[in-house]
Chemist: 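Below is the structure I would like to discuss, written out as structure tokens.
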Amino acid sequence: MAADRRIVIENCAIATVDANDTEYANGYVVVAGNRIEAVGAGKAPDGLENVVRRINATGHLVTPGLVNTHHHFYQWITRGLATDHNLFNWLVALYPTWARIDEPMVYAAAQGSLAMMARGGVTTAMDHHYVYPHDSGDLSGAIIRAARETGVRFTLARGSMDRSEKDGGLPPDFAVETLEGALAATEETVNKHHDASFDAMTQVAVAPCSPFSVSTELLREGAELARRLGVRLHTHGSETVEEEKFCHELFGMGPTDYFESTGWLGEDVWMAHCVHMNDSDIAAFARTKTGVAHCPSSNARLAAGIARVPDMLAAGVPVGLGVDGTASNESGELHTELRNALLINRLGAHREAALNARQALRLGTYGGAQVLGRAAEIGSLEPGKLADLVLWKLDTLAHASIADPVTALVFGAAAPVTASFVNGRQIVEDNRLLHVDEDTIARSTRAEAQRLAQISAQA
């Protein structure tokens, strides 16, 4: 939309998630082009020019768009498998199947993952893709194409693995890259696809998979590569007790100390899970401003444990929310993670004081923007920021008797999305995607899942 064209959203509750948690029981948002121009109480100002659309949002809560900070899109076509496994056994069970993915499979899986998130209020997505079998096609390009077609803002964390079964790792030998190959391919992906501009729709991060699937050299040289190119770094960290044991046995230290020794702590780094963190680990993350992608449903699905999110937040660690791969979170939705983050953390040491509704919403919006390094651009509704926002319908049977709209959104059932905007462009209307066909995606994901299952069975 041209910069001088305006959309006015009125008569709605608003949770801005700004630094003061400003909220309006009845207010307005003015979008000009791809930016938020104004947010306030009551009616929008009179005399606005070039208003191309007015939305009467009575019965709705408007929030910043949700920001997903950890995912594995390709797993959309292996959902419902290995449902009673811990992480290591789950990986051993699924790696032989994942090692046979190709470009059409990855494209269809990315479409399915993105569609499910977008229709549930996600406006910024990310994908940590680290399985690049030999001769499998342009997997990174396929993922980015799917995100562009869906209309979401997107970060591709270009992953890699070079520690296979013969080196004591978990993936099959034919599913990993060489150290040199992984670094070269990652650099090529950054150079081809990363956009560093304020309103970038596609960014790329350097993302070796995990301590137990990559060499120390790949971690260290990956960090050097990311900083030379000026992009962010992402990996898995401290997910399970087995990982902690692995690090002590192989490196003589725990995961956090190992990451620090390889250059993997810093304000340009975020890690997924971080379940098994002691006080010293949390202090190191806080000191270095290393971010965390909290994935409560996946952590529960794989019996990994309860991350110490309240302690991280109290220490000043940036924390966002992640869906994680849909082979360990079959719903594939981020808005359900608002509720699950709150509920699961209340099972921990802090009990009912662990998280409240507004903290959960902040994790899913501004916290995610911090973790992705984009807090100046997205994550809150403030003039000058990019127009990524969601209208949640809260006047139906599921929510109408809950007086507080933020409580309704977080504690209640998954709320319908009446409209979702990214960069000022609408991508969802009445819970349906506008730019891709959900039924076509459903058919293609089913077909590719069946094709992958057949190839794996034959192998």
Side-chain angles (χ1 to χ4, degrees), residues 70 72 74-75 78 82 85-101 106 127-136 139-140 156-189 205-226 233-265 269-276 302 304 324-325 327-328 459:
H70 186 66
H72 308 294
Y74 74 92
Q75 293 180 14
T78 59
H85 295 54
N86 66 23
L87 176 67
F88 275 27
N89 292 334
W90 176 81
L91 290 171
V92 169
L94 291 174
Y95 265 137
T97 298
W98 294 339
R100 291 171 171 85
I101 59 175
V106 168
D127 183 29
H128 184 192
H129 188 85
Y130 54 85
V131 183
Y132 288 88
H134 304 312
D135 300 320
S136 56
L139 304 189
S140 294
L156 174 67
R158 204 292 180 183
S160 52
M161 300 186 293
D162 69 341
R163 185 193 296 276
S164 66
E165 288 175 317
K166 66 179 174 55
D167 302 312
L170 298 177
D173 295 339
F174 64 88
V176 303
E177 300 172 281
T178 63
L179 169 65
E180 296 77 14
L183 292 169
T186 301
E187 183 166 7
E188 180 184 5
T189 303
V206 175
C209 182
S210 66
F212 50 85
S213 60
V214 306
S215 65
T216 300
E217 292 75 22
L218 182 51
L219 274 179
R220 184 175 289 116
E221 294 185 37
E224 293 169 357
L225 174 66
L233 300 86
H234 181 59
T235 192
H236 297 87
S238 300
E239 185 172 359
T240 65
V241 291
E242 291 84 4
E243 178 191 332
E244 186 170 8
K245 181 181 178 183
F246 176 93
C247 287
H248 277 286
E249 290 177 351
L250 202 63
F251 312 121
M253 62 186 88
T256 299
D257 291 336
Y258 176 61
F259 282 127
E260 187 157 33
S261 75
T262 56
W264 273 80
L265 294 186
V269 180
W270 86 102
M271 296 189 197
H273 302 293
C274 299
V275 174
H276 296 278
L302 295 173
D324 203 10
S328 65

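Because the structure is a prediction, the values reported are computed rather than measured. Atom set for the values below is all heavy atoms of this structure, side chains included, hydrogens, waters and symmetry mates excluded.
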Chemist: Considering non-hydrogen atoms only, spot the tightest contact between Pro211 and Phe259 and give its length.
Modeler: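 Distance-wise, the nearest heavy atoms are CG-CZ, 3.5 Å.
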Chemist: Where do Tyr132 and Gly159 come nearest, in terms of heavy atoms and distance?
Modeler: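 That closest heavy-atom pairing would be CE1-O, 3.5 Å.
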Chemist: For a 4.5 angstrom cut-off between non-hydrogen side-chain atoms, does Tyr258 reach Leu219?
Modeler: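 Yes - at least one pair of side-chain heavy atoms lies under 4.5 Å apart.
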Chemist: Could you please spell out the steps behind the side-chain contact (heavy atoms from CB on, under 4.5 Å) verdict for His129 and Leu139?
Modeler: CA-CA 9 Å; His129 188 85; Leu139 304 189; 3.6 Å; yes
Chemist: Let me confirm one number: the CH2-OG1 distance from Trp98 to Thr78, rounded to the nearest 0.5 Å.
Modeler: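 Spacing of CH2 (Trp98) from OG1 (Thr78) equals 6.0 Å.
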Chemist: Got Tyr74 and Asp127 here, is their nearest side-chain heavy-atom distance under 4.5 Å?
Modeler: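 Heavy-atom side-chain distance check fails, nothing below 4.5 Å.
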Chemist: Locate the shortest heavy-atom distance separating Met161 from Pro171; write the atom from each residue and the value.
Modeler: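 The pair with the smallest heavy-atom distance is SD-CG, 3.6 Å.
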Chemist: Taking only residues two or more places apart in sequence or in another chain, which ones pass side-chain contact (heavy atoms from CB on, under 4.5 Å) with Glu244?
Modeler: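 His248, Pro255, His276.
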Chemist: Would you mind reporting whether Leu218 and Leu183 have side-chain heavy atoms less than 4.5 Å apart?
Modeler: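 Sidechains of Leu218 and Leu183: in contact.
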Chemist: Taking only residues two or more places apart in sequence or in another chain, which ones pass side-chain contact (heavy atoms from CB on, under 4.5 Å) with Thr256?
Modeler: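 Listed in chain order: Ser238, Leu265, Met277, Asp281, Ala284, Phe285.
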Chemist: Could you walk me through whether Asp162 and Glu177 pass side-chain contact (heavy atoms from CB on, under 4.5 Å), step by step?
Modeler: CA-CA 5 Å; Asp162 69 341; Glu177 300 172 281; 5.7 Å; no
Chemist: Identify the two heavy atoms, one from Ala182 and one from Arg158, that lie closest to each other, and give their separation to 0.1 Å.
Modeler: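 Between these two residues, the closest heavy atoms are O-NH1, 4.3 Å.
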Chemist: Any chance you could lay out the side-chain contact (heavy atoms from CB on, under 4.5 Å) test for Thr216 and Phe251, step after step, and finish with the verdict?
Modeler: CA-CA 9 Å; Thr216 300; Phe251 312 121; 3.7 Å; yes
Chemist: Parallel under 30°, tilted from 30 to 60°, perpendicular over 60°: which one fits the rings of His236 and His273?
Modeler: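 Parallel.
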Chemist: May I ask you to decide if Ser213's main-chain N or O and Arg163's side chain share a donor-acceptor pair within less than 3.5 Å?
Modeler: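 No; judged by distance alone, with no hydrogens or angles, the pair does not exist.
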Chemist: What distance do Thr240 atom OG1 and Phe88 atom CZ have between them, rounded to the nearest 0.5 Å?
Modeler: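 Between atom OG1 of Thr240 and atom CZ of Phe88 there are 5.0 Å.
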Chemist: If you look at every heavy atom in Pro208 and Val206, which pair is closest and at what distance?
Modeler: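 Closest approach of Pro208 to Val206, heavy atoms only: CD-C, 3.8 Å.
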Chemist: How about Pro133 and Ile101: do any of their side-chain heavy atoms sit closer than 4.5 Å?
Modeler: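 Yes, at least one pair of side-chain atoms sits under 4.5 Å.
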Chemist: How many angstroms lie between NE2 in His70 and OG1 in Thr235, if you round to the nearest 0.5 Å?
Modeler: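 That separation rounds to 9.0 Å.
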Chemist: Would you sort out whether Gln75 and Leu94 count as a side-chain contact (heavy atoms from CB on, under 4.5 Å), showing the intermediate values?
Modeler: CA-CA 10 Å; Gln75 293 180 14; Leu94 291 174; over 6 Å; no
Chemist: Testing the basics here: between Ala99 and Val131, what is the closest heavy-atom pair and its distance to 0.1 Å?
Modeler: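 What the structure gives for the nearest pair is CA-CG1, 4.3 Å.
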Chemist: Would you mind reporting whether Glu242 and Asn86 have side-chain heavy atoms less than 4.5 Å apart?
Modeler: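 They are in contact (side-chain heavy atoms under 4.5 Å apart), so the answer is yes.
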Chemist: On the 0 to 90° scale, with breaks at 30° and 60°, tag the Phe212-Phe246 ring pair as parallel, tilted or perpendicular.
Modeler: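 The arrangement is perpendicular - the two ring planes meet at more than 60°.
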Chemist: Judged by modelled atom types alone, do Tyr130 and Ser210 share a side-chain donor-acceptor pair under 3.5 Å?
Modeler: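 No, Ser210 and Tyr130 have no side-chain donor paired with an acceptor closer than 3.5 Å.
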